[in-house]
Amino acid sequence: MKAFRGHRLGAVEDFALEEQSIGAPGAGEILLRVEATSLGFVDALVMRGLYQAQPPLPFTPGGEIVGRVEALGEGVTGFILGQRIACWQFGGGLAEQAVVSAAHSVAVPDALEAAAASSLILDFLTAHYGLFDRGHYRADQSLLVAGASGGVGSAAVQLARACGGTVIGLASGDAKMDHVRALGADLVLDYCDPDWRAQLKARYPAGVDRVFDPVGGPLFEACFRSLAKHGRHLVVGFASGDGIPKLPANLPLLKSGELAGVDARYLGESDPARVCAILGIIFRLAERGLISPVIGASFALADAPAAFAALASRSRIGKIVVTP
Ligand SMILES: NC(=O)c1ccc[n+]([C@@H]2O[C@H](COP(=O)([O-])OP(=O)(O)OC[C@H]3O[C@@H](n4cnc5c(N)ncnc54)[C@H](OP(=O)(O)O)[C@@H]3O)[C@@H](O)[C@H]2O)c1
């Protein structure tokens with residue numbers, strides 16, 4: 001079978017489509033015929049060796065995998081041959097076949113196509129875990145989302161709106177702002193406008209109850225300062241690339257506020273059952289039309305380098321999906 005893999009981490013040119021033999025699945029594993037794998041910001045970091053954890057080599061990128069079951073390893077129950085399942089793991093998805101962990105796999109409803117299901121996996125898992133497990137977000141609360149047009153940001157907008165909450169999205173430029181409005185945000189502000197906090201304060205004078213922040217950088221402190229009393233700022237990522245922001249310790253004190261980290265990878269390692277439960281909720285929400293997959297572009301496996309080029313574009317809206 002063919003896999004897009006690299007023998008060292010680095011640029012996309014260090015990776016190529018190679019013939020690879022894939023063995024039978026081991027205990028607790030499932031062999032999949034891959035139907036779709038989605039790529040996000042994290043995949044670009046992992047490929048370049050810039051992620052917090054390094055994968056073993058040779059490495060095949062792509063952790064948001066949907067495929068049909070071809071073989072079950074010893075002890076695997078609850079899945080049948082031919083069934084469409086979704087799995088989130090470190091990599092292995094940019095290939096015709098992949099071996100995945102049964103403990104991290106969940107059935108995909110028939111109504112969801114493979115590409116759609118794959119595009120929901122990490123962004124909606126992170127947003128759901130962040131908002132509800134780490135943020136204790138409720139429908140009567142207001143939520144400020146930084147990077148609201150991006151993968152995890154737009155998932156947070158959709159999940160908060162699906163539960164009836166009030167959402168304020170921050171995005172840059174007309175196209176991204178229009179996209180966040182179309183996702184249902186109650187208010188969208190352009191954070192390139194130095195006046196955005198004054199505009200927010202005019203609508204929400206007491207501040208917002210929750211911040212969902214995958215961007216960091218200079219926006220980090222401005223978002224924390226926008227919290228209401230007893231507010232909670234969810235630290236999700238640092239897409240701005242401006243280094244790790246620092247927060248003056250008097251601000252949490254003055255707000256009686258909290259900073260909470262959101263680490264989906266840690267959740268995957270420590271509580272795979274919770275990952276599967278959340279993915280099940282997400283697929284049911286999508287089935288009922290309460291959330292929608294946002295796919296920016298699709299590529300064939302042979303065009304994986306072009307998929308990574310599309311991923312790197314700041315103007316991109318939506319997930320990049322690769323289908324063998
Ligand atoms: N904690 C977790 O478990 C977890 C899970 C998944 C992802 N993440 C992290 O969350 C962050 C976002 O991931 P994603 O997949 O949602 O990424 P994405 O789809 O590329 O979205 C990134 C967003 O950040 C904004 N942004 C601001 N400055 C940027 C810059 N210099 N370059 C690119 N984008 C910039 C962009 O919006 P504007 O152009 O409007 O500014 C964009 O909407 C990343 O840091 C990723 O590592 C964390």
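Residue numbers run from 1 in the order of the sequence given. Each ligand, and each atom within it, is numbered from 1 in the order the structure gives. Only heavy atoms go into these numbers, but all of them, side chains included; no hydrogens, no water, no symmetry mates.
- A donor-acceptor contact under 3.5 angstrom links the side chains of Ser226 and Arg197, judged on distance only.
- For the residue pair Ser142 / Asp209, a side-chain donor-acceptor distance below 3.5 Å is found, with atom types taken as modelled.
- Glu18 and His7 share a donor-acceptor pair across their side chains, judged by distance under 3.5 Å alone.
- Protein residues lining ligand 1, listed by chain and number: Phe41, Val42, Leu45, Leu122, Thr126, Gly147, Ser149, Gly150, Gly151, Val152, Ala171, Ser172, Lys176, Tyr191, Pro214, Val215, Val236, Gly237, Phe238, Ala239, Ser240, Val262, Asp263, Ala264, Arg314, Arg316 [non-hydrogen atoms, distance under 4.0 Å].
- Between Ser38 and Ser118, the side chains place a donor N or O and an acceptor N or O closer than 3.5 Å (distance only, hydrogens not considered).
- Taking the six-membered ring where the residue is Trp, the centroids of Phe124 and His128 are separated by 6.0 Å or more.
- Environment of CG in Asp110: sparse, with no more than 12 heavy atoms of neighbouring residues, nucleotides or ligands closer than 6.0 Å.
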